[in-house]
There are 2 protein chains.
Amino acid sequence: MGIADDAVEIRAHGWRTLAALHGIIESALEKDLSAEVGLSVVEYTLLDALNRQDGWHMRMAQLARATALSPSATTRLVSRLEDRALLSRVLCADDRRGIYTELTHAGQQLYRKAKPIHDATLERVLKEAEQQPELAPLARILPQFPSA
Amino acid sequence: MGIADDAVEIRAHGWRTLAALHGIIESALEKDLSAEVGLSVVEYTLLDALNRQDGWHMRMAQLARATALSPSATTRLVSRLEDRALLSRVLCADDRRGIYTELTHAGQQLYRKAKPIHDATLERVLKEAEQQPELAPLARILPQFPSA
DNA sequence: GCGCATTAGTTGCGTGTGCAACTATTTAAC
DNA sequence: GTTAAATAGTTGCACACGCAACTAATGCGC
């Protein structure tokens, strides 16, 4: 097996590690967030994205990108959260095709309640992953990225 | 904002990067694999796991772990592949609750056809990700894990 | 201005998913 | 041995997802 073949296998192995760690983190977050505040991971991700904009609004396409969801899934996700009065759709004047979304007060409150749970679970799961040889290399490196 | 708070934010940022890269890779693999060989990503992952056992069989729970799927989803995934005659269920004698699965000849053939596509797409997507500042740190590190 | 391609977002539809409840088998208790 | 607890896998069900087709608004060519 030559060097090029090795590279292929190492990439594949890295991808399996990435997928495994992703699955573990996501299901742990899903479990805790839904139990404590009734939010799924994508729902939290969307609230988090809106909140990091700090009062500013985002368009559907930006939300789709932030959540790694299709346009149709984003529409329904926003609709669900709007039905729960956590955010509101706002037509934007300059481009009447576009739709802005912004957090309501209730949405901000729920986000502030959810964030500590999210962060604690993430910390716990990463610590656990560091103990597993298969996941450790990735889990250890994750908190060392440029804070941007 | 203190050091502990920074750590929380850096972890969260790392998780967002991980999730973003995961989404990009998965959707690219999904697109190419389904177009070229009619396999979804989880289907390929399962065939790959079975193949890496090199002729040996795996139990449902092991497959569930390898694919990061629930027991019920694993049951249906295996059923789909069995219906397509890519693998076969084998009752195991010593524990009659357990079920082994093993690749059929057609399954091995399809896997060998799918693997180059999978590997090429993975290489391409990782190269693209290295160009994006948000993803680059993770994309560059991924192929540097212990080959194990 | 007028028509055509493009973009933003939404809906119909089929499908894969997790949870909870279930059956079947094994293991432990005594 | 008989009964209870635990484990392996499967099914009913509700729901979130992506794709393709759609509507509405914008921008571009001329």
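Every chain is numbered from 1, with letters handed out A, B, ... down the list of sequences.
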Using a 4.0 Å heavy-atom cut-off across all strands, classify A:R76 as base, sugar-phosphate, or nothing.
->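 Answer is base: heavy atoms of A:R76 come under 4.0 Å of a base.
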
Check every strand shown and say whether A:L77 touches a base, only sugar-phosphate, or nothing at a heavy-atom separation below 4.0 Å.
->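 If one applies the 4.0 Å heavy-atom cut-off, A:L77 turns out to touch nothing in the nucleic acid.
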
Nearest whole Å is fine: how far is [N] [atom2] from [X] [atom1]?
X     : N      : atom1 : atom2 : result
A:L63 : C:dT10 : CG    : P     : 10 Å
A:R80 : C:dT11 : CZ    : P     : 14 Å
A:D94 : C:dA8  : CG    : C1'   : 13 Å
B:M60 : D:dA8  : CE    : C1'   : 9 Å
B:E30 : C:dT15 : CD    : P     : 15 Å
A:L91 : D:dT26 : CG    : C1'   : 16 Å
B:H57 : D:dG9  : NE2   : C1'   : 17 Å
B:L46 : C:dT17 : CG    : P     : 11 Å

Upstream residue (5' side of DNA chain D) when B:I99 and A:A73 are each assigned their closest nucleotide =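 That would be B:I99.
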
Most 5' of B:D95 and A:R97 on DNA chain D, judged by nearest nucleotide =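 The answer here is B:D95.
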
Provide the full list of side-chain hydrogen bond (donor to acceptor under 3.5 Å, both in side chains) pairs with a residue in residues 64-73 of chain A, sequence neighbours left out, each pair given once.
->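 Sorted pair list: A:S70-A:S72.
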
Student check: side-chain heavy atoms of A:L91 and A:R96 closer than 4.5 Å =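 A side-chain contact under 4.5 Å is absent here.
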
Do B:H22 and A:W15 have ring centres separated by under 6.0 Å?
->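 Between B:H22 and A:W15, the centre distance is under 6.0 Å.
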
Residue pair B:R124, B:D119: steps toward the salt bridge (charged side-chain N to carboxylate O under 4.0 Å, His left out) verdict | CA-CA 9 Å; B:R124 175 178 59 78; B:D119 292 341; over 6 Å; no

Just by modelled atom types, is the A:L63 backbone N or O under 3.5 Å from a matching donor or acceptor in the A:T74 side chain?
->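 Side chain of A:T74 to backbone of A:L63: no pair is present.
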
Does B:R89 place a side-chain N or O at less than 4.0 Å from the phosphate oxygens OP1/OP2 of D:dA8?
->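 B:R89 to D:dA8 OP1/OP2: no side-chain N or O under 4.0 Å.
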
Please figure out whether A:K31 or A:S72 has its closest DNA chain C nucleotide nearer the 5' end.
->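 Looking at DNA chain C, the more 5' nearest nucleotide goes with A:S72.
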
